[in-house]
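Accompanying notes for the structure given below.
The structure displayed is predicted, hence computed values, not measured ones. In each ligand, atom 1 is the first atom listed, and ligand 1 is the first ligand listed.
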Amino acid sequence: MKKQTSKKIGQQRYAYDEVDSTNERAKQLAKEKAPEGTLVIAECQTKGKGRNGRIWQSDKGVGLWMSIILRPDLPIQKVQQVTLVAGLAMCETIRELTHLDVMIKWPNDLVIQGKKVCGILCELKMSKQKVDYIIVGIGVNVNTKSFDDGLPYATSLYLESGKTSDREAIINCFCNRFEHYYEHFKTTQTMAMLKSSYERYCININREVKIINNQQEYTAYAQGITDEGALIVDKKDGTRQNLTSGDLSVRGVYGYCD
Ligand code: BTN
């Protein structure tokens with residue numbers, strides 16, 4: 001099994017049987033001055049949080065429910081890119097360990113055959129216009145055998161491969177890879193070097209996407225991402241637009257919809 005060789009990410013680990021949400025526990029630890037890279041992991045979450053106030057199904061012993069505390073010296077407008085970096089690191093980790101055809105749905109969901117296998121929820125605390133901490137919360141459906149009704153577009157590594165995956169191996173491999181990418185990102189403050197890998201795995205590229213932004217809905221063609229991680233789309237009227245994730249939703253024209 002792969003060992004963790006990262007120096008900061010995952011060095012300090014807090015492992016629990018049950019928490020409300022690893023993001024909430026990580027926030028508490030961050031307030032108590034836990035250092036960058038601290039990782040919180042739980043076998044089960046009673047109030048696992050998804051994006052947009054949704055609940056994240058977090059059954060006992062079958063998933064990877066974890067949160068990482070980061071303290072980068074970054075301008076606020078660059079923080080969002082950290083989630084793309086984490087998504088890419090997790091995508092490559094799962095591909096390496098399972099050989100499944102995992103893809104990234106921009107900005108940072110991971111999907112297999114049009115179904116979601118991993119979601120990332122980033123929470124930010126600022127103080128005096130500077131980043132105090134970021135909590136990167138990652139949920140991977142690893143050995144889940146079934147999902148609640150109402151989650152038709154959820155899947156797990158087990159359901160896709162028929163094999164049980166070792167969660168510890170995924171954590172270790174992710175920590176190593178993420179640290180490498182994150183340190184690089186902090187130094188350069190751009191995704192330029194990661195862009196081609198990200199685009200290789202981004203399911204939206206060279207496809208039609210539906211964009212929903214403040215009640216407006218339109219389709220466009222996704223061309224790639226910018227050095228800042230924005231999705232470059234060509235609209236039907238011939239104009240080009242760079243979309244930042246903020247509060248818009250990009251839907252594929254394939255199975256899983258946000
Ligand atoms: C999404 O909606 O796609 C984001 C899901 C994020 C789930 C993870 S599980 C670990 C961490 N703790 C939480 O409460 N949420 C995140």
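- Contact between M66 and ligand 1 is present, with at least one heavy atom of the residue lying under 4.0 Å from the ligand.
- E160 and T155 are linked by a side-chain donor-acceptor pair at a separation below 3.5 angstrom, with hydrogens and angles left out of the test.
- For ligand 1, the atoms sitting less than 4.0 Å from at least one non-hydrogen atom of D109 are 3 (O), numbered in the order shown with element in parentheses.
- Those atoms of ligand 1 with a heavy atom of I120 less than 4.0 angstrom away are 3 (O), 4 (C).
- For the side-chain hydrogen bond (donor to acceptor under 3.5 Å, both in side chains) test, residues two or more places apart in sequence or in another chain that qualify with R167 are E43.
- Cation-pi geometry between K235 and Y218 is satisfied (NZ or CZ under 6.0 Å from the ring centre, within 45° of the ring normal).
- Near K49, the atoms of ligand 1 lying under 4.0 angstrom from a non-hydrogen atom of the residue are 5 (C), 6 (C), 7 (C), 13 (C), 14 (O), 15 (N), 16 (C).
- Atoms of ligand 1 lying under 4.0 Å from at least one heavy atom of T22, given by number and element, are 10 (C), 11 (C), 12 (N).
- Neither the backbone nor the side chain of R54 comes within contact range of ligand 1; no heavy atom lies under 4.0 Å.
- Ligand 1 has no nitrogen or oxygen under 3.5 angstrom from a nitrogen or oxygen of K47.
- With ligand atoms numbered from 1 in the order given, ligand 1 contributes 14 (O) to contacts under 4.0 Å with heavy atoms of G48.
- Stacking of K145 on the aromatic ring of Y158 is recorded, both the 6.0 Å distance cut-off and the 45° axial limit being met.
- Taking every heavy atom of K116 and a limit of under 4.0 angstrom, the matching atoms of ligand 1 come to 1 (C), 2 (O), 3 (O).
- Atom NZ of K130 sits about 12.5 Å away from atom CZ of R71, to the nearest 0.5 Å.
- Put simply, OH on Y182 and CG on L194 are 13.5 Å apart, with the number rounded to the nearest 0.5 Å.
- Of the N and O atoms on the side chains of T239 and D237, at least one donor lies less than 3.5 Å from an acceptor on the other residue.
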